[in-house]
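We count ligands from 1, going down the list as the structure has it; atoms in each ligand are counted the same way. Keep in mind that what you see is a predicted model, and the values were worked out from it rather than measured.
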Amino acid sequence: MLVSEAVGTTLADLGADTVFGVVGSGNFHVTNTLVARGARFVAARHECGAACMADGWARLAGRPAIVSVHQGPGLTNSITGITEAAKSRTPMLVLAADVAAAAVRSNFRIDVASIATAVGATPERLHSAETAVADVTRAYRTAERERRTVVLALPLDVQAAECAQPVLPGRESGQIVASVVGATAIAVGAPQAEMVSALAAALATASRPVFIAGRGARIAAARADLERLAAACGALLATSAAAKGLFRGSPWDLDVSGGFASPLAAELIRDADLVVGWGCALNMWTLRHGRLIGPDATVIQVDHEASALGAHRPVDLGVLGDVKATARAVTSELADAAPGQPLAGYRSAALRERLASEIRWRDVPYADDSDGSRIDPRTLTIALDDLLPADRIVAVDSGNFMGYPSMYLSVPDADGFCFTQAYQSIGLGLASAIGSAIARPDRLTVAALGDGGALMGVSELETVVRLGLPMIIVIYDDEAYGAEVHHFGPHGHPLDVVRFPPVDIAAIGRGFGCEAVTVRRPADLGPVRGWLDGPRGRPLLIDAKVTSAHGSWWLEEAFRGH
Ligand SMILES: Cc1ncc(C[n+]2csc(CCOP(=O)(O)OP(=O)(O)O)c2C)c(N)n1
Ligand SMILES: [Mg+2]
């Protein structure tokens, strides 16, 4: 068997069932082997799109996504998407064809390991025909178990060599019980008893505790355990943007903490006397550069990685432990210490009522600046929130506009929000939305983009159409790099370099095969209802010509921090 076939076979055996990529000669065989072994191949139109689709897919599928790229430019094209995935700790394996070690004059020669390392990914390599199966297994396991984005270089000469048929230990029994590297079962870290006691004591004495759950809590599926503990100590529940939706439906849900927070959420978090971050970095975005933490508040952080504790800001107590296990241990400790009634903490009937009517951004009054030729992005988004089915995924690109879809479109749970902002690149949102839509075909995926990001990633519109994904693509079209306009405009700088003439993005969408509508007033949204009621055979692109007199609230907030 050829090594390229052994690699594809091994990956299929390990569970790789979905592959995103752009195929050239160097990754042709390995990709086709995966397909022959039952994997679905999703052809992207640009390798950055492939990486972002894989990223969006893996965030929802919860297992490593596979990306397959040609040597040289295939890999370099994918680097921005790989960087986002690596910074987000997305489990992802990039099969990166590479020239033979001896091909020192090849056009395609680049230093794959250095590029991977430089962007925070983990470099791996097929070292030889003899080690190929162990190499690919190690790479996959690293992606899966350590939640790393791994770039596996596949040298062409090694791929073309013969090797023995791969046999994974345990396959004979019909199930993979162990691999050639690593253990099958990995123990979940329980927190130290003293730490559990200290956290329980802090919660027992807090008058206004707030939990902020992050990506780690989402990945640990810790909602129920955190809610139980919060109920016992009267804590309010917030999330980082990456975990938005985790507490949806709870009457104590404050939604997102940080720059996106609604005025009431920000007020309540700022007044907390104890903030506990659960699997949450507590970075400057989640805490508004620290300004969301009151001067006398105690800050506690729980994380299963020691390096995360106190990494972004000092904490009074850092608890090393699995989020779920820690929440459970603290709940029983609290029950032992204070049996009977749950503590009131921050919770009261009056606050519950206030939360019900004020916590959402869409309930905050605003002066609508729609003028008939352009629609206020808040008005647009509230109208869409009313129109679109609740069972949705909102995937957001980067830019001034991004607070509107993030905070004015509700999501049903944490799987309903795909937020690829770890690298803060524009142009990734459409492709990550495609990955989300493939992972969750049961939901309507809404890609929310700025005109700048949309035109940067536009080639993947063809992918949406080709795959027949019933997606809605909303473009907040201010005919500018709005974030830059609002950044520099107030200081009187010339803005010609960040402004553009009007583009008929609806016509571009139709050219790709989308249904499309240009929206300047709420009344223009009629075709959206028609599309929702129809067979949704083609994606719907909404080119919303939005007002842009002011920067969005979160952008102004972010500038205040710098
Ligand atoms: C790849 C990349 N290039 C440039 C930037 C700098 N940048 C940040 S926001 C932005 C403007 C985005 O414009 P658009 O998508 O139209 O959204 P808007 O800000 O107008 O709402 C730019 C250029 C970036 N973040 N990423
Ligand atoms: Mg714009």
Side-chain angles (χ1 to χ4, degrees), residues 46-49 51-52 55 76-88 119 241 259-260 285 369 374-381 384 394-409 419-433 446-461 473-490 493-506 508-509 518-520 541-559 561-562:
H46 190 288
E47 288 85 351
C48 184
C52 296
D55 187 4
T76 49
N77 262 359
S78 68
I79 288 300
T80 304
I82 289 175
T83 310
E84 169 63 36
K87 285 179 184 282
S88 296
V119 300
F260 284 177
W285 303 104
D369 69 359
R374 296 198 156 268
I375 185 167
D376 186 309
R378 295 163 292 192
T379 307
L380 165 78
T381 317
L384 287 173
V394 177
V396 187
D397 206 339
S398 200
N400 171 64
F401 77 95
M402 74 178 172
Y404 304 117
S406 297
M407 297 311 294
Y408 287 76
L409 286 181
F419 195 62
T420 49
Q421 303 296 336
Y423 194 29
Q424 300 192 342
S425 172
I426 67 168
L428 312 187
L430 176 59
S432 51
V446 183
L449 320 172
D451 52 310
L455 291 172
M456 190 175 276
V458 75
S459 59
E460 301 307 346
L461 272 183
I473 300 140
V474 189
I475 297 167
Y476 291 77
D477 185 358
D478 62 353
E479 294 157 4
Y481 290 150
E484 312 306 350
V485 168
H486 301 300
H487 188 170
F488 296 105
H493 296 289
L495 297 172
D496 290 348
V497 292
V498 288
R499 283 196 171 131
F500 294 89
V503 174
D504 186 349
I505 305 180
I508 292 174
T518 303
V519 171
R520 295 178 180 281
L541 183 147
I542 302 170
D543 181 15
K545 302 288 187 184
V546 293
T547 55
S548 61
H550 309 285
S552 67
W553 87 94
W554 78 267
L555 193 71
E556 285 172 6
E557 172 55 47
F559 293 152
H562 287 295

Could you establish whether Ala480 and ligand 1 come within less than 4.0 Å of each other, counting only heavy atoms on the residue side?
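Contact present.
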Does a donor on one side chain sit under 3.5 Å from an acceptor on the other, for [X] and [Y]?
X      : Y      : answer
Thr518 : Asp543 : no
Tyr476 : Thr381 : yes
Ser88  : Glu84  : yes

Indicate yes or no: does Arg374 engage Glu479 in a salt bridge with an N to O separation below 4.0 Å.
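Yes.
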Report whether any nitrogen, oxygen or sulfur of [X] sits less than 2.8 Å from the Mg ion (ligand 2) (N, O or S, backbone or side chain).
X      : answer
Asp478 : yes
Asp451 : yes
Ala480 : yes

With a cut-off of 4.0 Å, which atoms of ligand 1 are near a heavy atom of [X]?
X      : value
Phe401 : 17 (O), 21 (O)
Gly482 : 18 (P), 19 (O), 20 (O)
Asp478 : 20 (O)

Give me the residue, atom name and distance of the protein heavy atom closest to [atom].
atom                    : value
atom 3 (N) of ligand 1  : Ile426 CG1, 4.0 Å
atom 1 (C) of ligand 1  : Ser425 OG, 3.4 Å
atom 14 (P) of ligand 1 : Gly452 N, 3.4 Å

Euclidean distance, Trp285 CH2 relative to Glu557 CD, rounded to 0.5 Å:
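Glu557 CD to Trp285 CH2: 10.0 Å, rounded to 0.5 Å.
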